[in-house]
J.: 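Handing you this structure, nothing more for now.
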2 protein chains.
Amino acid sequence: MEKPMTIKDIARIAGVSPATVSRVINNNPAGVSRETRAHIQQIVQTYGYQPNNVARSMITKRSNTIGVVVPDIVNQFYTLLLKGVEDMAASRGYSVVLCNSNNNEDKELRNLSYLRDNYVAGIIYNNYRMSERTANLIRSSRVPLIFVDNWGDPIDGICVRINHQHGMAAMANYLLDMGHRAFAYLAGPEGVFSADMRRRGFLDALEERGISFAPRGVLQHCAYSEDAGYEAAKQLLDEKRSITCFVCANDLIAYGVIRLLNERGLRVPDDCSVTGFDDIPFSRLLNPGLTTIYNPVQQLGRSAAQLLIDHIEGAPPPPQRELLFDTHLVRRASVKFLPS
Amino acid sequence: MEKPMTIKDIARIAGVSPATVSRVINNNPAGVSRETRAHIQQIVQTYGYQPNNVARSMITKRSNTIGVVVPDIVNQFYTLLLKGVEDMAASRGYSVVLCNSNNNEDKELRNLSYLRDNYVAGIIYNNYRMSERTANLIRSSRVPLIFVDNWGDPIDGICVRINHQHGMAAMANYLLDMGHRAFAYLAGPEGVFSADMRRRGFLDALEERGISFAPRGVLQHCAYSEDAGYEAAKQLLDEKRSITCFVCANDLIAYGVIRLLNERGLRVPDDCSVTGFDDIPFSRLLNPGLTTIYNPVQQLGRSAAQLLIDHIEGAPPPPQRELLFDTHLVRRASVKFLPS
DNA sequence: ATGAAAGCGCTAACAG
DNA sequence: CTGTTAGCGCTTTCAT
């Protein structure tokens, strides 16, 4: 294998000093005459010279890579987010590396250090809950960072998210209109920003309509996963609750509920209605299709990347620290109309 | 922000030279007396010194990161693979970065160069089809590389995969036993290794049973995606083919078929049976559950990582260039029994 | 067993 | 405008 060319090789060939070559490959505004610049570019072209990024970032302490850290890469929600980030990043000339923290604090800490130690230009970050250690690490790293779904929490920074409350309120109103009153609300993990906001959206909407959740409704926390939804539904059913609709804080939970319902021979929506939140692609494939709230994750990813890169490149911070996106209700067939 | 410690700081504190510290942190067998070694380790500990990986890999031209490049990160098959890789890699002290080539040659080339330029220790690679340019890049990079689903192709290297043929043959035999004879075989993309092997497995199995595919069967190529399955099924149905079972080369395709069937008011499996391949987690959630072939993809990921790291660390190559994993049939409810 | 010195490939003052 | 000089933080001969 021929060793790759270095800046010195180019300099020698061009008959100039490495510094000059450096100036042109960095589009350094500092003066290089039009001719020498062209000459060098020409040589770089023909030899296909690529500067060594590692050497570069050793000096500048910066690279053209942005890191994305998420808690669960198997959840399509996050892969969709990643896709949005990648699109935007690529168009701006950045690479992206994905770190899966697997909802595990140590792993997350390692990921974050890894990114810092490799001089990433910036980070897009999400987690269910941010630990104090993580917050400290982020603070001390001083790497530009954008949150997806921040939670008025240990760190203040720029954040991109959907309007969870509106979304879930829309669902509540729809369900009320469909005649439902006996809800099992599977709220997702307690203390997690998106889950908390969605819950508030739901409960406030009921209140606003003067309908109380309490007597017939039941609220239960659970992980953001299919298995958790399955278990929660099982428990509720075993308690012989009479429920007309399972309102789930995300689609995964709804999948679990549906699986249990199927196992018990209960039909959706005839025997029981189910709703989700996020509208990940699979939800329309269920039979019946899952009624849920569309969450523009890819768009979120793109915006997060854009904000981050703007920031990295020195743009002034946006006026608001939080960029909010709208959701909308996706009516499919998993909710039954209950005439009153 | 206090600047991170350097090896010099440690050296000064320990009263030794940087070289000695280097020897210690690299567990360099070269002689360092037991005492100085312990002394230095002690200091490294208390100050929490972390060597700068970038500087390190600039010299060694190697890092402790392995790269995974896949064609479609939104397909759960690949996120599961990644998960397997991560588990294994973490336990061996490696970080992993994911690159999504998005089934796009330029992107893939950029990803591969990126990994090479950042001195990754090795790469785990999959794509639907390998271009000649990609092959050249891989060859000239000389980075250790493991294929997932290699395809007797431009490059020879170590490969980890499932036995596609066996898997699809098991499916064929099952369907035959269930009385099916009129198949629509949605074969996935032509020329893609896994798709070709699966198709062969299916066709050969029929032949072995002395049953010919031809008169009533129809074979159609399509992308490995839900939309492609949907379109293919639409076309076939519009041609008024009388089909008893759609045999799909992966689960995603089957999802598309099911979506179309639902739209047309056709019931699975009463009006038409459908099968998949891979058994990604959603498949059991479908109603009826999708009959498919379980593909131990996480295990694949773990093995790929293990093989790769062994190789990186200088282990002799395994005797066979190909590590094969078994699949098994997962019978759910998407296939109807057709008494003859 | 340890240290001094010479870089890895590049950028960043500082001169000219 | 361009070249020279120092390093970035680390590893690696080569001495001692």
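Letters A, B, ... are given to chains in the order of the sequence lines, protein chains preceding strands, and every chain is numbered from 1.
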J.: Quick one: pull up CD1 in A/Ile309 and CE in A/Met88 and give me the separation to the nearest 0.5 Å.
T.: 6.0 Å
J.: Is A/Ser22 near enough to C/dC10 that one of its side-chain N or O atoms lies under 4.0 angstrom from OP1 or OP2?
T.: no
J.: Do any side-chain nitrogens or oxygens of B/Thr36 fall under 4.0 Å of OP1 or OP2 in C/dA1?
T.: no
J.: Within the structure shown, what part of the strands sits under 4.0 Å from A/Ser33 by heavy-atom distance: base, sugar-phosphate, or nothing?
T.: sugar-phosphate
J.: Can you give the donor-acceptor pairs under 3.5 Å from side chains of residues 64-76 of chain B to other protein atoms, not counting sequence neighbours?
T.:
unit_1, atom_1, unit_2, atom_2, d
B/Thr65, OG1, A/Tyr114, OH, 2.7
B/Asp72, OD1, B/Val74, N, 3.1
B/Asn75, OD1, B/Phe77, N, 2.9
B/Gln76, NE2, A/Val74, O, 3.0

J.: Would you kindly give the CZ-to-P distance between B/Arg62 and D/dC10, to the nearest whole Å?
T.: 17 Å
J.: Could you please spell out the steps behind the salt bridge (charged side-chain N to carboxylate O under 4.0 Å, His left out) verdict for A/Arg110 and A/Asp117?
T.: CA-CA 10 Å; A/Arg110 248 180 295 137; A/Asp117 293 346; over 6 Å; no
J.: If we only count heavy atoms from C-beta on, is the A/Ile40 to A/Thr20 side-chain gap below 4.5 Å?
T.: yes
J.: Is A/Tyr49 touching bases, backbone alone, or none of the nucleic acid, heavy atoms closer than 4.0 Å?
T.: sugar-phosphate
J.: For B/Ser113, which residues count as a side-chain hydrogen bond (donor to acceptor under 3.5 Å, both in side chains) partner, sequence neighbours excluded?
T.: none
J.: Which residues in residues 7-17 of chain B have a heavy atom closer than 4.0 Å to any atom of DNA chain D?
T.: B/Ile7, B/Lys8
J.: Just the rounded figure in Å: distance from P of C/dA1 to CZ of B/Arg23.
T.: 10 Å
J.: Report the residues that fulfil side-chain hydrogen bond (donor to acceptor under 3.5 Å, both in side chains) with B/Arg161, sequence neighbours left out, ordered by chain and then residue number.
T.: B/Glu322
J.: Between A/Pro18 and B/Thr20, just flag the one whose closest nucleotide in DNA chain C comes earlier from the 5' side.
T.: B/Thr20
J.: Indicate, with a heavy-atom threshold strictly under 4.0 Å, whether A/Ile40 touches base, sugar-phosphate, or nothing.
T.: nothing
J.: If I take atom CG in residue A/Asp117 and atom C1' in nucleotide D/dG9, what distance separates them, rounded to the nearest angstrom?
T.: 12 Å
J.: How many Å lie between OH on B/Tyr47 and P on D/dG9, as a whole number?
T.: 18 Å
J.: Looking at residues 54-61 of chain B, who's got a heavy atom less than 4.0 Å off DNA chain C?
T.: B/Met58, B/Ile59, B/Lys61
J.: Please determine whether a side-chain nitrogen of the Lys or Arg among B/Arg129 and B/Glu105 lies less than 4.0 Å from a carboxylate oxygen of the Asp or Glu.
T.: no
J.: For the side chain of B/Asp9 and the backbone of B/Thr6, is there at least one donor-acceptor N/O pair under 3.5 Å apart?
T.: yes
J.: Whole-Å distance between C/dA1 P and B/Arg37 CZ?
T.: 10 Å
J.: Evaluate the side-chain proximity of A/Met130 to A/Ile138: yes if any heavy-atom separation is below 4.5 Å, no if none is.
T.: yes
J.: Taking side-chain hydrogen bond (donor to acceptor under 3.5 Å, both in side chains) as the test, write out the residues that go with B/Ser194, two or more places apart.
T.: B/Tyr224
J.: Check whether any side-chain nitrogen or oxygen of B/Asn52 sits under 4.0 Å from OP1 or OP2 of D/dC8, and answer yes or no.
T.: no
J.: To the nearest Å, how far apart are B/Arg34 CZ and C/dA1 C1'?
T.: 14 Å
J.: Measure from CZ on B/Arg116 to P on C/dG9 and round the result to the nearest Å.
T.: 14 Å
J.: Give the rounded distance in Å between these two atoms: CG of A/Asn64 and P of C/dT11.
T.: 12 Å
